Peer 1: 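What follows is a single structure, and I will ask about it in a moment.
In this text, all values refer to a predicted model and were calculated from it rather than measured experimentally.
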Amino acid sequence: MVEDWLGNPISGGAPATIAAMDRFSHRLLTFDGGTGEILDAAEADPDCVLANLLAAALCILGQDSADRRDARAFLDRAAAALNPTGTSSDRTGNPAHDPARAREHRLYAALEAWQARDWAAALDRFEDLARHHPRDLVAVLLGTTLANTAGDNDRLWRLPDMALKGASDIGYTWGMLAFGLEECGRIDEADAAGRKAIALDPVDPGAHHALAHVFVSRGDMAGGACWMEDHRAGWAECSGALRTHNWWHTALFHLALDRHQRVLAIYDDHIAPRLGTAGGAQNAIGLLSRLGLRGIAVGERWQAVAAAIRQDLPAHRRPFLDLLYVHALGQARETGAMDGHVRDITRYAEASADAIRPTWHDVVLPAARALAAYGRGEWRAAAALAAMAGDLPRVGASNEERQVLLSIADDARRRISA
């Protein structure tokens with residue numbers, strides 16, 4: 001039986017395709033660059049089911065709407081290869097007699113649900129995949145990424161915990177577990193898991209990220225700043241998304257210590273250059289917002305953020321990102337674009353499928369309206385965001401990322417009483 005570098009069965013593929021899939025999975029788990037190679041590999045080997053599924057996954061994870069459209073073609077090609085006879089049972093079945101095919105069917109089902117934005121169904125299927133194929137750490141990473149988007153913190157730790165059954169020897173498993181445990185408030189366990197990840201792989205940027213959250217939860221900002229600065233060399237080769245995000249965490253530690261010039265230097269050197277991606281914009285908005293709430297002048301940086309995110313509208317990929325876009329446009333004094341984005345969110349929320357409507361219509365939409373009110377200086381309407389504190393986890397992102405929304409609400413209330 002052919003296996004990938006993690007020991008997972010593969011149903012087939014040319015030697016060059018299998019090598020490309022191994023490089024892709026390793027790069028994804030290490031947050032390295034070059035993952036786009038899988039797109040070419042899938043095009044060159046259209047009958048390789050797994051290559052097309054991995055290409056589809058990369059598109060679904062993509063930073064722009066064009067990537068999401070491309071995922072459909074890869075999913076259809078994978079379905080055709082899974083189901084050469086055209087029978088519906090083959091397409092959606094789970095052929096236990098063939099472990100490689102079973103794994104591919106499960107991954108196909110998870111990605112189809114994710115593409116359809118049925119997040120709950122997709123997470124159920126990723127959990128099923130982790131249960132049956134615990135060394136499929138790419139699937140675990142995809143599942144935890146979706147769980148973070150959907151605000152499902154319980155799955156953030158449950159998925160990697162399932163993977164421990166077969167992949168406890170791999171540091172990435174422990175790093176993912178550490179992040180999920182921290183988000184659920186299990187700080188000591190998260191610390192132990194993160195340290196285990198570092199012991200297995202000292203330069204794992206995902207583990208560095210998880211331990212940054214542990215430092216925050218313990219209120220050890222000086223320790224966190226030293227930890228991140230000491231480990232920054234490990235992010236040099238990782239992809240822009242996590243490299244930028246780890247620098248964002250580093251900046252927040254310095255901000256808590258009132259090292260404002262260091263914060264602005266990190267922003268300009270490591271965050272602003274990634275404004276053209278959704279992840280980079282998210283980090284930029286989160287940091288500039290916190291600087292502004294402390295009364296620190298940021299010059300024309302908001303205008304540069306607004307210019308970048310206008311190219312990404314309408315978004316509607318991640319609820320939290322949409323909310324940050326509303327806030328950024330308001331801070332850049334681009335109220336026309338801000339109100340237009342709120343109208344786009346309104347249309348999207350009202351037309352959403354039942355699976356995601358409660359999140360978009362009942363949480364994202366009122367939060368977006370409150371943030372737009374803040375951008376217009378309507379403090380009482382903006383302060384309504386505070387009443388949504390219990391629902392805000394449903395917009396996704398980490399506890400620390402969402403904290404900025406509550407800080408904005410607090411600022412609005414302060415301005416009312418001023």
Side-chain angles (χ1 to χ4, degrees), residues 63-66 240-241 243-252 254-255 258-346 364 367-379 381-382 385 395 397 401-412 414-415:
Q63 298 295 300
D64 60 55
S65 57
R243 181 175 66 242
T244 305
H245 191 59
N246 276 348
W247 276 114
W248 178 82
H249 276 284
T250 307
L252 292 191
H254 287 299
L255 182 60
D258 293 325
R259 300 168 180 168
H260 301 160
Q261 292 306 310
R262 177 61 176 146
V263 175
L264 290 170
I266 290 173
Y267 180 90
D268 291 337
D269 293 343
H270 301 290
I271 296 176
R274 295 288 298 175
L275 280 177
T277 68
Q282 180 168 314
N283 289 309
I285 297 165
L287 185 52
L288 291 182
S289 298
R290 288 165 170 83
L291 287 163
L293 290 167
R294 284 172 170 254
I296 301 165
V298 298
E300 300 298 311
R301 292 177 178 88
W302 275 121
Q303 284 66 39
V305 171
I309 66 178
R310 279 199 307 271
Q311 307 304 311
D312 194 37
L313 296 177
H316 316 324
R317 291 185 304 281
R318 301 196 294 271
F320 181 67
L321 184 62
D322 266 316
L323 294 180
L324 288 188
Y325 280 6
V326 172
H327 180 59
L329 292 168
Q331 294 308 292
R333 300 293 182 262
E334 297 196 12
T335 54
M338 178 187 72
D339 291 338
H341 186 41
V342 174
R343 288 193 295 271
D344 283 333
I345 292 173
T346 303
V364 180
R369 289 170 173 164
L371 288 168
Y374 184 87
R376 290 189 295 270
E378 299 169 2
W379 310 126
L385 193 61
V395 307
E401 286 174 309
R402 288 193 308 273
Q403 182 58 43
V404 73
L405 301 178
L406 299 179
S407 297
I408 291 167
D410 288 343
D411 187 62
R414 179 186 62 78
R415 290 171 182 269

Peer 1: Find the distance between CG (L329) and CZ (R310) and round it off to the nearest 0.5 Å.
Peer 2: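 Going from CG on L329 over to CZ on R310, the span is 7.5 Å.
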Peer 1: With rounding to the nearest 0.5 Å, note down the distance linking CH2 in W302 to CG in L291.
Peer 2: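 With rounding to 0.5 Å, CH2 (W302) is 9.0 Å from CG (L291).
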Peer 1: One pair to check against side chain to side chain donor-acceptor pair (under 3.5 Å): S289 and H327. What are the steps and the verdict?
Peer 2: CA-CA 9 Å; S289 298; H327 180 59; 3.2 Å; yes
Peer 1: Under 30°, 30 to 60°, or over 60°: which ring-plane class applies to H341 and Y325, parallel, tilted or perpendicular?
Peer 2: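 Tilted.
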Peer 1: Working note: I345 + H316, criterion side-chain contact (heavy atoms from CB on, under 4.5 Å); need CA distance, chi angles, decisive distance, verdict.
Peer 2: CA-CA 7 Å; I345 292 173; H316 316 324; 3.9 Å; yes
Peer 1: Which atom pair, heavy atoms only, marks the closest approach of V305 to A284?
Peer 2: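 Shortest heavy-atom contact: CG2-CB, 4.2 Å.
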Peer 1: Per the side-chain contact (heavy atoms from CB on, under 4.5 Å) rule, which among D258, V263, L255 passes with I296?
Peer 2: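 When D258, V263, L255 are each tested with I296, the side-chain contact (heavy atoms from CB on, under 4.5 Å) holds only for L255.
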Peer 1: Would you find a donor on one side and an acceptor on the other, under 3.5 Å apart, between the side chain of R290 and the backbone of L287?
Peer 2: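 Not a single qualifying donor-acceptor pair exists.
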Peer 1: For L264 versus A297, what's the shortest heavy-atom pair and its separation?
Peer 2: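 Smallest heavy-atom distance, with atoms named: CD1-O, 4.5 Å.
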Peer 1: May I ask you to decide if G280's main-chain N or O and T277's side chain share a donor-acceptor pair within less than 3.5 Å?
Peer 2: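 The answer is yes, because a donor-acceptor pair under 3.5 Å joins these two groups.
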Peer 1: Is a side-chain N or O of R402 found less than 3.5 angstrom from the main chain of A397, in a donor-acceptor match?
Peer 2: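 Yes: the side chain of R402 pairs with the backbone of A397.
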Peer 1: Could you pull out the closest heavy-atom pair between L275 and A308, with the gap in Å?
Peer 2: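 That closest heavy-atom pairing would be O-CB, 3.5 Å.
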Peer 1: Quick one: closest heavy-atom pair of V395 and P319, and the distance?
Peer 2: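 Heavy-atom minimum between the residues: O-CB, 3.5 Å.
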Peer 1: Any salt bridge linking R415 with D411? Criterion: basic side-chain nitrogen under 4.0 Å from a carboxylate oxygen.
Peer 2: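 Looking at D411 together with R415, the answer is yes, because their closest N to O distance falls below 4.0 Å.
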Peer 1: Hey, could you give me the CG/CG distance between L293 and D410, rounded to the nearest 0.5 Å?
Peer 2: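 Here the rounded value is 9.0 Å.
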Peer 1: Between D322 and R318, is a salt bridge (charged side-chain N to carboxylate O under 4.0 Å, His left out) present by the stated rule, with each step listed?
Peer 2: CA-CA 7 Å; D322 266 316; R318 301 196 294 271; over 6 Å; no
Peer 1: Apply the test side-chain contact (heavy atoms from CB on, under 4.5 Å) to residues Q331 and L288: give CA-CA distance (whole Å), side-chain angles for both, the deciding distance (0.1 Å), then the verdict.
Peer 2: CA-CA 10 Å; Q331 294 308 292; L288 291 182; over 6 Å; no
Peer 1: Report yes if the side chains of R414 and W379 come closer than 4.5 Å at any heavy-atom pair, otherwise no.
Peer 2: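 Side chain of R414 against side chain of W379, heavy atoms only: no contact under 4.5 Å found.
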Peer 1: Has the side chain of N283 got a donor or acceptor atom that lies under 3.5 Å from a matching backbone atom of G279?
Peer 2: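 Side chain of N283 to backbone of G279: a pair is present.
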Peer 1: Picking from I285, L371, V364, what satisfies side-chain contact (heavy atoms from CB on, under 4.5 Å) with V326?
Peer 2: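 Answer after filtering I285, L371, V364: L371.
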Peer 1: Quick one, W248 with Q282, criterion side-chain contact (heavy atoms from CB on, under 4.5 Å). Give me CA distance, side-chain angles, the key distance, then yes/no.
Peer 2: CA-CA 10 Å; W248 178 82; Q282 180 168 314; over 6 Å; no
Peer 1: I want to check something: taking the side chain as every heavy atom from C-beta on, are E401 and H245 in contact at a cut-off of under 4.5 Å?
Peer 2: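 Heavy-atom side-chain distance check passes, below 4.5 Å.
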Peer 1: First locate atom CD of Q303, then atom CD of E334, and finally report the distance between them rounded to the nearest 0.5 Å.
Peer 2: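 Going from CD on Q303 over to CD on E334, the span is 7.5 Å.
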Peer 1: On a heavy-atom basis, which atom in A381 and which in A370 lie closest, and how many Å separate them?
Peer 2: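 Closest approach of A381 to A370, heavy atoms only: O-CB, 3.9 Å.
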Peer 1: Could you tell me the separation between the CD1 atom of I408 and the CG atom of L324, rounded to the nearest 0.5 Å?
Peer 2: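 That separation rounds to 7.5 Å.
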Peer 1: Taking all non-hydrogen atoms of both residues into account, name the closest pair between A382 and A412 and its distance.
Peer 2: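 So the minimum-distance heavy-atom pair works out to CB-CB, 3.8 Å.
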Peer 1: Would you give the length of the straight line joining atom CD of Q403 to atom CG of L406, rounded to the nearest 0.5 angstrom?
Peer 2: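 It is 5.0 Å, given to the nearest 0.5 Å.
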